[in-house]
There are 2 protein chains.
Amino acid sequence: MATETTRPVLRVDIKRPQRADARRNFDALLSAAREAFAEKGVDASLEDIARRAGVGIGTLYRNFPTRQDLLSAVYFGEIEELCLAAEEAADLPPWEALTTWLRRFVAYVATKRAIWESLNRESDSFQEAREAMYAAGTPLFERVQAAGEARADMSIDDLLRMVSGLTGCNFVDEEQRDRVLQIALDGVRAR
Amino acid sequence: MATETTRPVLRVDIKRPQRADARRNFDALLSAAREAFAEKGVDASLEDIARRAGVGIGTLYRNFPTRQDLLSAVYFGEIEELCLAAEEAADLPPWEALTTWLRRFVAYVATKRAIWESLNRESDSFQEAREAMYAAGTPLFERVQAAGEARADMSIDDLLRMVSGLTGCNFVDEEQRDRVLQIALDGVRAR
DNA sequence: ACTATAACGGAGGCACCCCTCCGGTATCAA
DNA sequence: TTGATACCGGAGGGGTGCCTCCGTTATAGT
């Protein structure tokens with residue numbers, strides 16, 4: 001389903017370089033950045049990223065003139081995947097579809113701190129990512145509400161902030177995180 | 001009630017200096033630090049704090065040899081107040097007592113980022129603060145559970161992490177924060 | 001008033017980060 | 001093979017923060 005999607009697109013036009021050596025560096029930088037951002041959040045040191053990639057700092061700046069460019073290149077793809085996951089879940093019954101997607105959402109957020117931060121920072125370029133996530137989640141949530149299985153006095157914004165808040169803080173272990181999340185979602189259910 | 005409490009004490013023994021000028025600086029540092037920590041979180045720059053206090057960096061280090069010493073001096077007092085609030089709420093009916101205290105808890109956490117961080121960091125000296133908070137909240141929560149008004153399969157640790165998670169992330173406004181918190185607490189209620 | 005000394009404050013060494021600039025190098029088309 | 005050039009890397013200047021050290025100053029007891 002939806003192979004030729006017209007979903008609001010997250011366009012990043014940082015072009016992969018032409019020359020072979022340049023392409024190698026470009027890719028190394030991307031994966032080093034993915035690693036560093038996941039580990040230290042969006043404030044990870046750019047010099048550290050260049051080091052991890054085994055590349056000079058100059059090369060980093062040539063490919064990604066600003067920190068935002070690098071962040072975008074790394075994360076917009078992943079958020080895109082999240083949006084796709086929402087479409088895939090659409091076949092399930094309303095409540096399962098929603099929780100399935102949220103589970104996926106949580107899995108992402110837990111490891112990729114930047115996604116979480118993108119929900120919590122006031123930044124233009126993150127705005128776009130946030131909107132894409134909301135657009136993806138809204139149909140799922142509205143379906144649940146239409147089925148009378150979730151309280152009507154709640155928005156997707158409420159829901160995602162709730163889930164991301166619970167995901168963004170430390171728990172003793174995964175088991176506790178799931179349990180607490182489950183409890184909070186119980187509050188979302190219509191009674 | 002409990003004027004001569006034997007509650008686990010948060011002891012900080014950084015002694016206020018003897019000489020008049022030293023005492024002035026000590027106090028100025030404390031309030032500058034309170035301000036800076038609230039504003040920028042526990043990572044606020046020590047040099048900035050000294051500047052705000054109108055004092056040399058050396059003076060800061062003389063009074064508070066480590067960042068932890070300063071943090072402790074600032075926050076343990078406030079956490080102590082939080083614990084007192086729990087005792088005061090004890091007169092109310094179980095569920096109200098708990099939510100009254102949690103409301104207080106939220107009010108603190110929202111403005112004092114360090115308290116929130118103290119729940120989310122792995123640090124020895126915060127451990128102590130965390131334990132004090134837990135000790136204060138446990139009676140309230142257990143009372144609610146005993147009254148059958150909260151689900152039994154949840155601990156005070158679960159509850160506080162849930163609340164602090166929801167408090168620690170941004171909401172559009174206070175109203176949304178309260179609404180979402182209310183929804184999550186609905187999930188805590190026994191059905 | 002005078003002095004012993006507690007307390008001051010900021011210069012300075014070290015570390016890290018950001019970003020620019022440019023001499024050197026690897027690539028690729030001819 | 002070779003030359004034009006796209007691309008490299010890191011030195012270096014500017015900024016901030018941490019913490020120590022020590023010459024200078026204010027205080028308090030006599």
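The structure presented is a predicted model; accordingly, all values stated were derived computationally and were not measured. Letters A, B, ... mirror the listed sequences (proteins, then strands); counts begin at 1.
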Participant: So, A:D153 and B:R179, do they make that salt bridge, N to O below 4.0 Å?
Facilitator: no

Participant: Is there a side-chain contact between B:S45 and the phosphate of D:dT16, meaning an N or O under 4.0 Å from OP1 or OP2?
Facilitator: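 Answer no for this pair, as no side-chain N or O of B:S45 is under 4.0 Å from OP1 or OP2.
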
Participant: Using a heavy-atom cut-off of under 4.0 Å over every strand shown, decide if B:N25 touches base, sugar-phosphate, or nothing.
Facilitator: sugar-phosphate

Participant: When you check every protein heavy atom under 4.0 Å of nucleotides 19-30 of chain D, what one-letter string (B, S, -) results, 5' to 3'?
Facilitator: BB-----BSS--

Participant: Please answer whether the main-chain N or O of B:V55 pairs with a side-chain N or O of B:T59 as donor and acceptor at a distance below 3.5 Å.
Facilitator: no

Participant: In this structure, are over 12 heavy atoms from other groups packed under 6.0 Å from B:Q18 atom CD?
Facilitator: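 Atom CD in B:Q18 is not packed in, count stays at 12 or less.
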
Participant: Can you pull the contact range of chain B along DNA chain C, 5' to 3', using atoms under 4.0 angstrom from its heavy atoms?
Facilitator: C:dA6 to C:dA11

Participant: To the nearest angstrom, how far is B:I49 atom CD1 from D:dT16 atom P?
Facilitator: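 Result: 17 Å.
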
Participant: Using atom types as modelled and distance alone, determine if a side-chain donor or acceptor of A:W101 lies under 3.5 Å from a backbone N or O of A:L82.
Facilitator: yes

Participant: The test is side chain to side chain contact (heavy atoms under 4.5 Å, CB included); show your working for A:R151 and A:R189 and say whether it passes.
Facilitator: CA-CA 6 Å; A:R151 50 201 311 158; A:R189 255 192 168 114; over 6 Å; no

Participant: Return the value, rounded to whole Å, for the distance between atom CZ of B:R51 and atom C1' of D:dC18.
Facilitator: 12 Å

Participant: Return the value, rounded to whole Å, for the distance between atom CZ of B:F64 and atom C1' of D:dC18.
Facilitator: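 It is 17 Å, rounded to the nearest whole Å.
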
Participant: Of all the heavy-atom pairs spanning A:V42 and A:F37, show the shortest one and how long it is.
Facilitator: O-CE2, 3.8 Å

Participant: Using every non-hydrogen atom in the two residues, find where A:R52 and A:A32 come nearest and quote the distance to one decimal.
Facilitator: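 Reported closest heavy-atom pair: CB-CB, 3.8 Å.
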
Participant: Atom CG of A:N63 and atom C1' of D:dC7: how far apart are they, to the nearest Å?
Facilitator: 9 Å

Participant: Mind checking what makes side chain to side chain contact (heavy atoms under 4.5 Å, CB included) contact with A:E174, not counting sequence neighbours?
Facilitator: A:R177

